[in-house]
There are 2 protein chains.
Amino acid sequence: MKQITIYDIARLANVSVATVSRVINGTAPVKHSTRERIEALIQQYQFQPNAMARSLLKKETGIIGIIVPDLTNPFYTEVLSGAEQEALTTGHTFLLTNSVGDYQKESQYLSIMREKRVDGMIFLGGRINLRNGNETLDQELIQHANTIPTVLINGTVKGNAITRVATDEYAGTCMAVQHLIDNGHEHIAFLGGEMHMSTTSNKLRAFKKTLKDAGLQVREEWILPDSFSIDSGRGLMHKLLELRKKPTAVMCINDFVAIGAIKTAVDHGLFIPDDMSIVGFDDIPLAHHFIPEITTVSQEANELGRTAIRVLQKLMNREKVKKHTVIEPKLMLRKSSAPFR
Amino acid sequence: MKQITIYDIARLANVSVATVSRVINGTAPVKHSTRERIEALIQQYQFQPNAMARSLLKKETGIIGIIVPDLTNPFYTEVLSGAEQEALTTGHTFLLTNSVGDYQKESQYLSIMREKRVDGMIFLGGRINLRNGNETLDQELIQHANTIPTVLINGTVKGNAITRVATDEYAGTCMAVQHLIDNGHEHIAFLGGEMHMSTTSNKLRAFKKTLKDAGLQVREEWILPDSFSIDSGRGLMHKLLELRKKPTAVMCINDFVAIGAIKTAVDHGLFIPDDMSIVGFDDIPLAHHFIPEITTVSQEANELGRTAIRVLQKLMNREKVKKHTVIEPKLMLRKSSAPFR
DNA sequence: ATGAAAGCGCTAACAT
DNA sequence: ATGTTAGCGCTTTCAT
């Protein structure tokens, strides 16, 4: 099954490879008759130029490398989907890798991207979400970003050395907590997240600040980090319901935790939102299909992905870009939150 | 930012490029001292061989092309995730494209895969799920599959000309419907799906057959195709509830439709499963987190992805493979179905 | 309008 | 153990 090359076409058409190249790329005028002869041959033999060979000298691959931490998380796939739509406009395709948040895999994939000479890179999750960063990991990433145009989504590295696009999680959390306060809630808990992740500390800071500004007390026993999963939400709500003094509203680190929390609350005979208001974060598609529909903060995931690619495209064109693009979150008022009483 | 090449390293180490190539690939013994010298240089300059150049003569890219119809659909990402894990074992990376079920995009992406000389291809959705196929589209795909090892997931082309891996949707549907019958339901509806898709006709055939074998009547007004979305499920349940004679159980084309159906039913004051049993298909992660947890047929999406890659790996190694690998579905008994009355 | 030939960065015979 | 060299399939001067 030998692949047919430009030489084969040239020989069959009785022209040089240069001429064939010209008709393929339209880089120079070619006599009508010979052009037609060549085009017919290309059609007939289903000839497709070898992108490797071309990339080798053009130094462009048309590929954007993407590193995501979890392909089954709807938030990331939504970002991916937006990015894909935008990348289409410049004909770029994705080399996709799934790091599972494993730093070693991230390193491995960074190498692969370099070897394959991707035109640009998008990085999500993992090392760029560490609360205190990690010198070595950051250095490695920065070095890659020096060779390959790179955009970080919802994260950063030491010294904010790499271009990034991010939702304003702090503002988003403030909006959500304020919404609860405006509804008369004075006893509000915070559920989920891992303390060593920047997301968690950002949201928690916003949470505390908003309570304080409203003159409300921050009760440490109502601040329960753990992780980001539905199961985590279930367990945490369990803990909350065992407390002597219970909150009337709960802010969750994300929609998964909110779903878990609601499930457990419902299992315990509570009515949501009548007995307790619960709000999430992310606005995954499921959030507005769940029963009850979940009040949450939209990260505009699709837009986040699109924007990241737009910024990356500029970067690849050597245009000037803002080091930091902020996407404003939106509060999505739905059915899992209600006025107190 | 000129990329450093093997020539640069060779010059700096006072050896020939061949020697450098040898230490990089370990293809021949190199004197300890020179090896160390070279390795140090590689480290120092962060040299990474250009995969394009290598691929050009090895005729291997280490890339598997994937065409999916919808990146935001949890079923597909679950398949993708399984595939990714398996591909990792042979160091393959994914060139991912999102066809949105658009045949023209599929064609475009097929071309890209050819140009980029991917080592293999996985194809999901779109043209391979057409009930009656499409001569031209099939021909195109078959032609590509002749050059590039290709595996179809849950679909086929004319004459089953391409290797495929698929869930037994027919058997899965039979299991689910039989489960309803075993629970005393005699009035069962079928919701969702588009009639021109093979999935729909396969499941519908199974549905009718199972009812008939149980001596039950198939009522055409209870067979309501439409599409595969949550909104579709909502609309269809709406229609169902307007009927004079209502079913006591519903088989849905997939979990999305089931979710929509449940939502509408609940909105209308029905209790699920007490007033009506509803079962889905796919077992997306959400299915067992929904309230109520949804009885459904697991497609073993992760396993489906893994298997497809395993088959593809054999294909790429020119090993002999079965033209058709079947994945057996599993019935997941949960809370959205219950005995009649 | 077309052709000849150099070169992109690497590997693998073939020599030494 | 190491070097020389011929490609891999293409684009792009530079000639003609």
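Per chain, numbering begins at 1; letters A, B, ... match sequence-line order.
- Comparing D:dG3, C:dG3, D:dA1 by their closest approach to the side chain of B:Thr19 singles out D:dG3.
- Straight-line distance from the CZ atom of B:Arg117 to the P atom of D:dG9: 9 Å, rounded to whole Å.
- Positionally, the nearest nucleotide of DNA chain D for B:His32 lies more toward the 5' end than for the other of B:His32 and B:Ala53.
- Taking five base pairs at each end of the helix from C:dA1-D:dT16 to C:dT16-D:dA1, the local helix axes there meet at an angle of 40°, rounded to 10°.
- Among the heavy atoms of the strands lying under 4.0 Å from A:Thr34 are primed sugar atoms or P, OP1, OP2 only; no base atom is included.
- Backbone-only engagement by B:Asn14 is indicated by non-hydrogen atom pairs under 4.0 Å involving sugar-phosphate atoms exclusively.
- The pair B:Lys314-B:Glu319 fails the salt-bridge criterion, with no side-chain N (NZ, NE, NH1 or NH2) lying under 4.0 Å from an Asp/Glu carboxylate O.
- In this structure, B:Glu140 pairs ionically with B:Arg127, as a charged nitrogen and a carboxylate oxygen lie closer than 4.0 Å.
- Residues B:Gln85 and A:Asn98 bring no donor and acceptor atom of their side chains to less than 3.5 Å of each other.
- One interatomic measurement links the two molecules: CD of A:Glu115 to P of C:dC8, which rounds to 21 Å at whole-angstrom precision.
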Taking protein heavy atoms under 4.0 Å as touching, what does nucleotides 11-16 of chain C look like 5' to 3' if B marks base contact, S marks sugar-phosphate-only contact and - marks none?
BBB---

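- Counting non-hydrogen atoms of neighbouring residues, nucleotides and ligands closer than 6.0 angstrom, the NZ atom of B:Lys105 exceeds 12 such neighbours.
- In plain terms, the two heavy atoms of B:Thr61 and B:Val118 that are nearest each other are OG1-CA, 3.6 Å.
- Regarding B:Gln3, its CD atom lies at a distance of 9 Å from the P atom of C:dG9, rounded to whole Å.
- Closest non-hydrogen pair, B:Pro69 versus B:Ser99, comes out as CA-OG, 3.4 Å.
- Taking atom CG of A:Asn50 as the reference point, atom P of D:dG7 lies 18 Å away to the nearest angstrom.
- Side-chain nitrogen and oxygen atoms of B:Thr5 include none within less than 4.0 Å of the OP1 or OP2 phosphate oxygen of C:dG9.
- Closest non-hydrogen pair, A:Arg54 versus A:Asn25, comes out as NH2-OD1, 3.1 Å.
- Considering only residues two or more places apart in sequence or on other chains, B:Asn50 meets the side chain to side chain donor-acceptor pair (under 3.5 Å) condition with none of them.
- B:Ile9 has its CD1 atom 13 Å from the C1' atom of C:dG9, to the nearest Å.
- For B:Phe47, taking side-chain heavy atoms from C-beta onward, the closest of the listed nucleotides D:dC10, C:dC8, C:dC10 is C:dC10.
- In this structure, the side chain of A:Asn154 does not engage the main chain of A:Leu124 through any donor-acceptor pair within 3.5 Å.
- Distances shown here put every side-chain N or O of A:Lys59 at or beyond 4.0 Å from the OP1 or OP2 atom of D:dT11.
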